[in-house]
Protein chains: 2
Amino acid sequence: MTNSTTRAGRAPGKRERLAAAAAKVLHEQGVEKTTLADIAREADVPVGNVYYYFKTKNELVEAAIDTHTQNLAGMIEALDALPTPGERLKALIAGWVEQRDTAVRFGCPTGTLASELDKRADGLDATVAALVRALIDWTERQFSELGRSDARELAVALIAAYQGISVLTNTLRDPELMVAEGRRLKRWIDSLA
Amino acid sequence: MTNSTTRAGRAPGKRERLAAAAAKVLHEQGVEKTTLADIAREADVPVGNVYYYFKTKNELVEAAIDTHTQNLAGMIEALDALPTPGERLKALIAGWVEQRDTAVRFGCPTGTLASELDKRADGLDATVAALVRALIDWTERQFSELGRSDARELAVALIAAYQGISVLTNTLRDPELMVAEGRRLKRWIDSLA
DNA sequence: GTCTATACAAGGATAGAC
DNA sequence: GTCTATCCTTGTATAGAC
């Protein structure tokens, strides 16, 4: 569905530049407030040219979600290199805390996107839902390996805790909220093992 | 700042109807996707007439926030009638669970509004922030009365848990997520006392 | 005070030159 | 394959009749 590299002649990854720019700008400004011109500028591509690569704004949003999905896959791959499920979960949390300044300014990339797409008529909300589900599934496996029979519920609770603290960190513009919640969650993981 | 009843001659609460309609429609459709025509239709007021009561769309958003603030005040007043802090917190959670179908369709009214206003240039995000802070403050007092020295952190964690499960309930369109998390949070409250 | 008609701006999308 | 010019729709806001 997505041609990762050049298709015919030139275009040294303009499509990829546009997708990456979309992911960034849509997160920072929100879907509705972002214009095609904004994305084109960020990708350093003339406005009219955008339509050669993406027929509609929706396709651009879809490409942005793809980018997020790939980022998630990369993160999970890195986490899976760690030896124990407890370490993997705590490394996930540490990653969230590291990104706290982004959360202060723009919230969680996935969460804000999911909230916004829910209000749109297109079927893109299902695509983000799949992304979120994938993260919960991975988290559930970690809790299972920890021997918890209520792994699904705990996984949902952990991801929800992150989504929620992202909203508060963003709304109250206070990175320390994320730091404190990260500490609390790590203690909680330790108490389960 | 807000004239609650009629000012001069007639208008049997048109302003109030518009504010209530704004609160409802802005939550359901999102701020950016909602047009003045949408709000006018919901309030059963002709479009052009809107500007007699609110000079800009932003003033309408402000009025919607005011409505939410009053709703919150009413809820807190009702909760304060309960005898113990533990019961008050669990009643708060029960209220969230009751509203789960709304969460499935549109997410948390306050949380989605906060996320969206963050992306706008106007200073309205500070107004929602005050609302959120008020709820956290009240929650903190309950934990303090329970004798917890880490009351602030627990209050933030509880409100974050709700914000987060609202995002997930909405994104995954599953009311049971809210039910399960509600149970978990109530057990947690009980374990603190 | 109430409502209609309309000005004005912005943004998504397309046609077609190069 | 690249880019410019432009059409068309939608939505905010205002002028002014009633």
Side-chain angles (χ1 to χ4, degrees), chain A residues 2-19 21-26 28-65 116-117 119-124, chain B residues 2-22 24-64 116-117 119-124:
Chain A
T2 303
N3 246 1
S4 50
T5 353
T6 310
R7 186 185 310 231
R10 282 137 251 178
K14 274 199 185 178
R15 194 191 162 85
E16 290 68 27
R17 288 218 316 276
L18 281 167
K24 176 165 188 275
V25 181
L26 289 176
E28 297 183 352
Q29 309 190 342
V31 179
E32 303 298 337
K33 289 221 72 175
T34 297
T35 70
L36 297 175
D38 291 333
I39 298 175
R41 195 182 319 116
E42 175 76 27
D44 204 34
V45 167
V47 213
N49 198 355
V50 169
Y51 284 93
Y52 178 75
Y53 298 97
F54 300 93
K55 279 186 287 298
T56 68
K57 183 178 179 178
N58 261 326
E59 285 192 16
L60 223 20
V61 176
E62 201 172 355
I65 301 176
E116 268 200 282
L117 292 184
K119 314 288 189 194
R120 292 176 70 102
D122 52 52
L124 258 41
Chain B
T2 304
N3 246 4
S4 49
T5 353
T6 311
R7 184 184 311 228
R10 281 135 251 180
K14 274 200 185 179
R15 194 192 161 85
E16 289 68 26
R17 287 216 320 274
L18 282 167
K24 178 168 187 273
V25 180
L26 290 176
H27 175 214
E28 296 183 353
Q29 310 190 342
V31 179
E32 301 299 337
K33 290 222 70 174
T34 296
T35 69
L36 297 177
D38 291 333
I39 298 174
R41 194 182 319 117
E42 176 75 26
D44 203 35
V45 167
V47 215
N49 198 355
V50 170
Y51 284 94
Y52 178 73
Y53 298 97
F54 299 93
K55 279 188 287 296
T56 68
K57 182 178 179 178
N58 261 327
E59 285 192 14
L60 224 19
V61 176
E62 201 172 356
E116 268 200 279
L117 291 184
K119 315 286 190 194
R120 292 176 69 104
D122 51 52
L124 258 40

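For clarity, every value in this text was computed on a predicted model and none was experimentally measured. Just so we're on the same page: letters track the sequence lines, and every chain starts at 1.
We find that NZ of B:Lys14 is positioned 6 Å from C1' of C:dT2, with the value rounded to whole Å. A straight line from CD of A:Glu59 to C1' of C:dT14 spans 15 Å, rounded to a whole angstrom. Distance CG (B:Leu60) to P (D:dT12): 10 Å, rounded to an integer number of Å. In this structure, the CD atom of B:Gln29 is 15 Å from the C1' atom of D:dT10, given to the nearest Å. The interatomic distance linking A:Phe54 (CZ) with C:dA13 (P) rounds to 13 Å, in whole Å. In this structure, B:Leu18 atom CG and C:dT2 atom P are separated by 11 Å, rounded to whole Å. Rounded to whole Å, atom C1' of C:dT2 lies 8 Å from atom OH of B:Tyr53. As rounded to whole Å, 15 Å separates atom C1' of C:dG1 from atom CZ of B:Arg15.
For the pair A:Lys119 (side chain) and B:His27 (backbone), a donor-acceptor distance under 3.5 Å is present.
With rounding to the nearest 0.5 angstrom, the CD1 atom of B:Ile39 is 8.5 Å from the CD atom of B:Gln29. Here A:Glu28 contributes atom CD and A:Glu42 contributes atom CD; the two are 7.0 Å apart, rounded to the nearest 0.5 Å. Of the inter-residue distances, the one linking B:Leu124 atom CG with B:Glu116 atom CD reads 12.0 Å to the nearest 0.5 angstrom.
Applying the side chain to side chain contact (heavy atoms under 4.5 Å, CB included) test to B:Leu36 and every residue at least two apart in sequence or in another chain returns B:Tyr51, B:Lys57, B:Leu60. In this structure A:Arg120 satisfies the side chain to side chain contact (heavy atoms under 4.5 Å, CB included) test together with A:Val31, A:Glu32, A:Asn58, A:Leu117, A:Asp122, B:Lys33, sequence neighbours excluded.
The side chain of B:Lys33 places no N or O atom within less than 4.0 Å of a non-bridging phosphate oxygen (OP1 or OP2) of D:dT10. Close to C:dT2, at under 4.0 Å from its OP1 or OP2, lies no side-chain N or O of B:Tyr52.
Contacts of residues 37-45 of chain B with DNA chain D (heavy atom under 4.0 Å): none.
Here the closest heavy-atom approach between residue B:Tyr53 and residue B:Glu59 is recorded as O-OE1, 4.5 Å. Taking all atoms of both residues into account, the shortest heavy-atom contact from B:Leu18 to B:Ala40 is CD2-CA, 4.4 Å.
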Test side-chain contact (heavy atoms from CB on, under 4.5 Å) on B:Asn49 and B:Lys14 and set out the steps.
CA-CA 10 Å; B:Asn49 198 355; B:Lys14 274 200 185 179; 3.4 Å; yes
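Each of C:dT2, D:dT12, C:dA13 was ranked by its minimum atom distance to the side chain of B:Tyr51; first place goes to D:dT12. Comparing C:dC3, C:dA13, D:dT2 by their closest approach to the side chain of A:Leu36 singles out C:dA13.
Each end of the helix from C:dG1-D:dC18 to C:dC18-D:dG1 gets its own rotation axis from five pairs of C1' atoms, and the angle between them is 10° to the nearest 10 degrees.
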Could I get a table of every N or O pair under 3.5 Å where one atom is in the protein and the other is in nucleotides 4-8 of chain D?
none

Please enumerate all protein N or O atoms sitting under 3.5 Å from an N or O of nucleotides 6-10 of chain C, with distances to 0.1 Å.
none

